[in-house]
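To start, the structure under review is shown below, and the notes come after it.
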Number of protein chains: 2
Amino acid sequence: MKKIGVILSGCGFLDGAEIQETVLTLLAIDRAGAEAVCLAPDMQQHHVVNHLTGEIMAGEVRNVLAESARITRGAITVLNGIDLPEIDALVLPGGYGVAKNLSDFAFNGVGCQVNPDVAAAVQACYDAGKPLGFICIAPVIAAKVLGKESIELTIGNDPETAEALEALGAKHIDCPVWNTVVSSRGAVVSTPAYMLGPTIGEVAKGIEKLIGDIVRLI
Amino acid sequence: MKKIGVILSGCGFLDGAEIQETVLTLLAIDRAGAEAVCLAPDMQQHHVVNHLTGEIMAGEVRNVLAESARITRGAITVLNGIDLPEIDALVLPGGYGVAKNLSDFAFNGVGCQVNPDVAAAVQACYDAGKPLGFICIAPVIAAKVLGKESIELTIGNDPETAEALEALGAKHIDCPVWNTVVSSRGAVVSTPAYMLGPTIGEVAKGIEKLIGDIVRLI
């Protein structure tokens, strides 16, 4: 059975992984007859946000790996502990956790740094020709790590984020929520998801297409 | 557009709502052309469980409404504040939060009490002939509130929980994960979901069927 790594960044779109995108990714992988191998770095979240009020909860501390495990019912592995050769492809769902925990894009924009374990996993898969999938805001990770390769990516149609992707060396392609962009420069697929929304049903279409593309490219 | 209330109990299957079941419920509602109205009581969780280790995090305090809002991207209403006449149906996803926050079934079994706002919402919908859906462990709420009506319910095939449902006055029907039980005594539908599992794809089939049944019964 094909194994698809899924890197999570917490549990909740304001400070971690976008929960709906993550579950839709796991659903699409299962329905495609593949196996999801969920991964997350063992690190503290940048901060914790109250998802009812949108306010930062001062003094609250949560761990990315333990919170990610909520979505996966405990089935998760520390990212730096994974045997990457056993993974056939790698997918990153979105959520601010990508831009706050897996990187600091939310704070430093094009000057961002990517968590070394995440960057190493993305680079290793790319170098091995293993398909990579980036959902929602996650293409910023692809642009930062692989930007020099002029990868075609989409984050939907947000001009500011698209500009940042291009500044990092990637080529941004406008794309509707139900569709994907498959790069001509390597097996890299992206879909806008909740960068566009607006409904879970529309987001599901794009994610299902992305996983279908990934499985075909393995 | 038909409005379906969805009562959540937190965010994570060990101390709150089962995240995957909740997202699959929201997806099925959207795909059925209905609107989800997410609801949760504004109360502290019974406790917080580390989903990586399964251990209780002593001293950690989380709020059911604020944590539920993680799954719904902030779109949630306090349960006691909802205008029930505006809801056409009501669905409860599972997770231990149902048995720890919305009731104390996890601790007191057949001697359990149900949160008064949850009990009132279930009873009001039942009395008004509005369809009710119970997923995974949530049928214990139906059995406690409506047990005297001899409602047919399923939690899959777990003998101990099935016995508890019957002790509360309901009638338990064994059911596979992809199917639902529709009560002959009222518009009450249930599906086993992660009481059986094992995969998200199988759980999705049962939840999609449950939402289909609910929409037809409105």
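To find a chain, count down the sequence lines: A is the first, B the second, and so on, and within it residues start at 1.
- Contacts of Y96(B) classified as side-chain hydrogen bond (donor to acceptor under 3.5 Å, both in side chains), with partners at least two apart in sequence or in another chain: none.
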In residues 28-44 of chain A, what donor-acceptor pairs under 3.5 Å come from side-chain atoms, sequence neighbours left out?
from	atom 1	to	atom 2	distance (Å)
D30(A)	OD2	T199(B)	OG1	3.4
D30(A)	OD2	G201(B)	N	2.8
D42(A)	OD1	N63(A)	ND2	2.9

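- A distance of 7.0 Å separates CZ of R70(A) from CD of E67(B), quoted to the nearest 0.5 Å.
- With a 4.5 Å cut-off on non-hydrogen atoms, S68(B) does not touch chain A at all.
- Listed by sequence position, N50(A), H51(A), L52(A) are the residues of residues 50-58 of chain A in contact with chain B, using a 4.5 angstrom heavy-atom cutoff.
- Between the CD1 atom in I19(B) and the CD1 atom in I19(A) there is a gap of 5.0 Å [rounded to 0.5 Å].
- Annotation for L26(A) and Q20(B): closest pair CD1-NE2, 4.1 Å, computed over non-hydrogen atoms.
- When all heavy atoms of R73(B) and F13(A) are compared, the pair lying nearest together is CA-CE2, 3.5 Å.
- Residue L27(B) comes nearest to L27(A) through the heavy atom pair CD2-CD2, 4.0 Å, listed as atom of the first residue, atom of the second, then distance.
- The side-chain hydrogen bond (donor to acceptor under 3.5 Å, both in side chains) search around E202(A) returns K205(A), not counting sequence neighbours.
- Only the backbone of V49(B) comes within less than 4.5 Å of a heavy atom in chain A; its side chain stays farther off.
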